[in-house]
Amino acid sequence: MTTSLFMRIRDCFPADLNKTLLETTDGSRFTYRDADEWSSRYAAALHGLGARKGDRVAVQTDKSPAALFLYLGCIRAGLVYLPLNTAYQTQELSYFVEDAAPVVIVCQPQRKADMEGIVKEKSVSGVFTLDEDGQGTITQAALEQPVDFAPVPCADDDLAAILYTSGTTGKPKGAMMTQMNLWSNGRTLVDLWGFTASDTLLHALPIFHTHGLFIACHCAMISGAGMIFLPKFDREQVIAALPRATVMMGVPTFYVRLLAGDDFNADLVSNMRLFISGSAPLLPETFAAFHARTGHYLLERYGMTEMGMATSNPLTGERIIHTVGPALPDVEVRVCDDQGQVLPAGEVGVLEARGPNVFAGYWKMPEKTREEFRDDGFFITGDIALIDKKGYVHIVGRAKDLVISGGFNIYPKEIETEIDKMAGVLESAVIGVPHPDFGEAVVAIVVPDGTQTLLPDDVMNHIKSLMANFKVPKKVFFVDELPRNAMGKVQKNILRDEYGTRN
Ligand code: AMP
């Protein structure tokens, strides 16, 4: 056991460590040497704080080069990285801290007091800060640390990260990602998408999610490429950066927004070799408009937190709209019926996947883990799909009640539970309706109990005070009762038909 995810990635760094890894909007450049040295300093600082192999480090910070180096520091020290969406509010954070019991928490400076309140009674050795410029108490602790911290060896099935995903019951589940899960997927994608040291990846995704952190950053670092590292998707900044980029990864919303102005055209992207789309369904209109405007076929791929990428349209070869391509070379996919019987090509069922990319299970949820795996190791994704005769996967829906807004997953149950607790509410149903920008938007249908007058703003403000902004309903409708089927289940399809286009 002389290797680890960190060591494998570090071995792929270019021989010339002065090569640029990150370029930021203010023109600052960070080299591979910076990544190496800062990962050492952060690793040593965390070690000094008592964090040992397998301990969790929870991180809720803005995106910055320092945040990426902190991630590298965690895996260098054999720690388990636990990224948290910056939109999460106190109630949500409290659950993660309780569940994952991190030894160290690093947060935005403005959240420090809040975090300290949360950890008061828990065994956290400290709450540290990191701001969007890379400054904060964790950086102060790292500043004087050595630049040659010896990477901690890890077994392939040791954990490298825990990523929380919303649960169907409303309770988030921590997907345990092993060293090999993350390494194998990055390695495979570099070859599949043809990444080389000559590439410059335009990075506008958040780095608290598998897409922006593991898929994007690992592909760049494993190939020795550079990244234009934008704090977030800002159309103007993306337009300004595109002429210097060769690859972009994004959610469909990014591409819809780029197409919204004429300044996005073939001339602007003449240096680009590849645009990749995923995390939510790509509309055929977007695919067609993108090709008409730029001459590029968007490469759509499919994955999820629990397994990174599982399928991808090809780099060379036919990219077929409405499909997410065949399985990656080291991943197996199949479509099964409810009993787990494998269905023939063309038949619709639940997509299952197996491979070195598939996670080790849900943190502290052995039963939930068992429910979502077949005996032969296939993971039941919950996505409804068919595999055509060419082996291309078509995602046709979701078995689980899930809304994807701007690439973020939202389980309606979590929001319904909070609305139902409000005084004056009898019950509620939360649905996703088509939205031109976000793909889907959250809408709440509420049945008042008649004890008091409620306005849509009351419901929106209540959820806003509790949850991340992307979960706040964009619209609230009041009804006398919810449509239900014979089994008493709310018929969300009827609600979607009724409220999908209403203003
Ligand atoms: P996440 O765990 O946030 O990465 O979300 C995973 C879910 O996003 C999957 O289970 C799918 O429902 C959905 N998803 C990801 N990529 C695609 C895609 N290309 N087309 C349709 N749905 C997708």
### Query
Arg354 side chain to Phe379 main-chain N or O, any donor-acceptor pair under 3.5 Å?
no

### Query
Which pair of non-hydrogen atoms, one from Val152 and one from Lys53, has the smallest distance, and what is that distance?
CG1-CD, 3.9 Å

### Query
Run the side chain to side chain contact (heavy atoms under 4.5 Å, CB included) check on Leu163 and Phe214 step by step: do they pass?
CA-CA 11 Å; Leu163 299 186; Phe214 302 135; 3.6 Å; yes

#### Entry: Ring center gap for Phe290 and Phe264 short of 6.0 angstrom
yes

### Thr294 side-chain N/O to Asn265 backbone N/O, donor-acceptor pair under 3.5 Å
no

### Query
With Tyr302, which of Thr311, Asn313, Asp383 fulfils side-chain hydrogen bond (donor to acceptor under 3.5 Å, both in side chains)?
Asp383

### For Arg56 against Leu82, the heavy-atom pair lying closest together
CG-CD1, 4.1 Å

#### Entry: Spatial distance of atom CZ (Phe438) from atom CD1 (Ile410) [nearest 0.5 Å]
10.0 Å

### Message
Using a strict threshold of under 4.0 Å (side-chain N to carboxylate O), is an ion pair present between Glu414 and Lys471?
### Response
yes

### Query
Under 4.5 Å between any side-chain heavy atoms of Met227 and Cys217, yes or no?
yes

#### Entry: Residue pair Glu23 / Phe30, side-chain heavy-atom distance below 4.5 Å
no

### Task
Could you tell me whether Asp62 and Lys232 have a side-chain N and a carboxylate O separated by less than 4.0 Å?
no

### Task
Side-chain contact test, heavy atoms from C-beta onward, threshold under 4.5 Å: evaluate it for Ile162 versus Met177 and give yes or no.
no

### Task
Tell me, please, whether Tyr362 has Lys173 positioned over its six-membered ring: NZ or CZ under 6.0 Å from the ring centre and within 45 degrees of its axis?
yes

### Task
For the pair Gln60 and Val106, evaluate side chain to side chain contact (heavy atoms under 4.5 Å, CB included) and give the outcome as yes or no after the intermediate values.
CA-CA 6 Å; Gln60 191 193 32; Val106 182; over 6 Å; no

### Query
Going by distance alone, is a donor N or O of one side chain under 3.5 Å from an acceptor N or O of the other, for Asp114 and Thr90?
yes

### Query
Do we see a donor-acceptor contact under 3.5 Å between the side chains of Asp157 and Gln179?
no

### Message
To the closest 0.5 Å, what do you measure between CG (Leu130) and OG1 (Thr137)?
### Response
8.5 Å

### Message
If only side-chain N and O atoms count, and only distance matters, is there a donor-acceptor pair under 3.5 Å linking Lys63 with His203?
### Response
yes

### Heavy-atom pair of closest approach, residues Gly432 and Val403
N-CG2, 3.5 Å

### Task
Taking Asp55 for its side chain and Val103 for its backbone only, find out whether a donor-acceptor pair lies under 3.5 Å.
no

### Query
When you measure from the side chain of Ser40 to the backbone N and O of Asp148, does any donor-acceptor pair fall under 3.5 Å?
yes

## Note on the structure
Result for side-chain contact (heavy atoms from CB on, under 4.5 Å) between Phe275 and one of Val269, Leu299, Leu202, Val247 points to Val269

### Message
Between Asp131 and Gly136 (side chain of the first, backbone of the second, donor and acceptor by atom type, cut-off under 3.5 Å), is there such a pair?
### Response
no

### Task
Carefully, step by step, assess Ser279 and Arg301 under the rule side chain to side chain contact (heavy atoms under 4.5 Å, CB included).
CA-CA 8 Å; Ser279 287; Arg301 92 296 176 284; 3.8 Å; yes

### Query
Ignoring hydrogens and geometry, is there a side-chain-to-backbone donor-acceptor pair from Thr196 to Ser198 under 3.5 Å?
yes

### Message
More than 12 heavy atoms of other residues, nucleotides or ligands under 6.0 Å from NZ of Lys19: yes or no?
### Response
yes

#### Entry: Tyr81, Phe6, Phe208 screened by ring pair (Phe, Tyr, Trp, His ring centres under 6.0 Å) with Tyr71, the one that passes
Tyr81

### Query
Does the Trp183 side chain pair with the main chain of Arg8, one donor and one acceptor, at a distance under 3.5 Å?
no

### Query
Would you say the side chains of Tyr42 and Thr139 form a donor-acceptor pair under 3.5 Å?
yes

### Query
Is there a donor in the side chain of Asp330 and an acceptor in the side chain of Thr188, or the other way round, less than 3.5 Å apart?
yes

### Query
How far apart are the closest heavy atoms of Pro281 and Pro252, and which atoms are they?
O-CG, 3.5 Å

#### Entry: Under 3.5 Å donor-acceptor, Arg319 side chain and Pro314 backbone
yes

### Task
Using a 4.5 Å cut-off on heavy atoms from C-beta on, say whether the side chain of Leu315 contacts that of Leu274.
yes

### Message
Can you see whether Arg33 engages Asn18 through a side-chain donor-acceptor pair at a distance of less than 3.5 angstrom?
### Response
yes

### Task
List the steps, then state whether salt bridge (Lys or Arg N to Asp or Glu O under 4.0 Å) holds for Asp263 with Arg235.
CA-CA 11 Å; Asp263 50 353; Arg235 193 178 180 281; 2.7 Å; yes

#### Entry: Rounded distance [0.5 Å steps], OG1 in Thr20 versus CZ in Arg29
4.5 Å

### Task
Take Arg76 and Asp36, measure what side chain to side chain contact (heavy atoms under 4.5 Å, CB included) needs, and give me the verdict at the end.
CA-CA 10 Å; Arg76 186 169 182 144; Asp36 187 39; 3.0 Å; yes

### Query
Quick check: does any side chain N or O of Asn185 sit under 3.5 Å from a backbone N or O of Met309, one acting as donor and the other as acceptor?
yes

### Message
For the aromatic rings, using the six-membered ring if either is Trp, is the centroid distance between Phe96 and Tyr88 under 6.0 Å?
### Response
yes

### Message
Any carboxylate oxygen within less than 4.0 angstrom of a Lys/Arg side-chain nitrogen, looking at Glu318 and Lys390?
### Response
yes

### Task
Report yes if the side chains of Glu285 and Leu259 come closer than 4.5 Å at any heavy-atom pair, otherwise no.
no

### Task
Examine distances only and state if a side-chain atom of Glu37 and a backbone atom of Asp34 form a donor-acceptor pair shorter than 3.5 Å.
no

### Task
Flag the pair Pro284 / His322 as yes when at least one side-chain heavy-atom distance between them is below 4.5 Å, and no otherwise.
yes

### Query
Can a cation-pi geometry be assigned to Arg187 and Phe195, taking NZ or CZ under 6.0 Å from the six-membered ring centre and within 45° of the ring axis?
no

### Message
Would you say Thr323 and His394 are linked by a side-chain donor-acceptor pair, where the criterion is simply a distance under 3.5 Å?
### Response
no

### Task
Would you please say whether a donor-acceptor pair under 3.5 Å links the side chains of Thr246 and Thr200?
no

### Message
Any heavy-atom pair between the side chains of Ile404 and Leu402 that's under 4.5 Å?
### Response
yes

#### Entry: Distance-only side-chain donor-acceptor flag, Asn181 / Thr178, under 3.5 Å
yes

### Query
Taking atom CG of Asp11 as the centre, does the number of heavy atoms from other residues, nucleotides or ligands within less than 6.0 Å exceed 12?
yes

### Message
Under a plain distance cut-off of 3.5 Å, with no hydrogens placed, do Thr24 and Asp26 share a side-chain donor-acceptor pair?
### Response
yes

### Message
Counting C-beta onward and ignoring hydrogens, is there a side-chain heavy-atom pair between Pro473 and Ile463 closer than 4.5 Å?
### Response
yes

### Message
I need the minimum non-hydrogen distance between Leu351 and Ile395, along with the two atoms involved.
### Response
CD2-CD1, 4.2 Å

#### Entry: Distance-only donor-acceptor check, side chains Ser312 and Trp193, under 3.5 Å
yes

### Query
Is Phe233 atom CZ crowded by more than 12 heavy atoms from other residues, nucleotides or ligands, each under 6.0 Å away?
yes

### Minimal non-hydrogen separation, Cys74 against Leu46, with atom names
SG-CD1, 3.8 Å

### Between Asn85 and His209: side-chain donor-acceptor atoms closer than 3.5 Å
no

### Message
Do Tyr32 and Asp16 pair up side chain to side chain, a donor and an acceptor below 3.5 Å, judged on atom types alone?
### Response
no

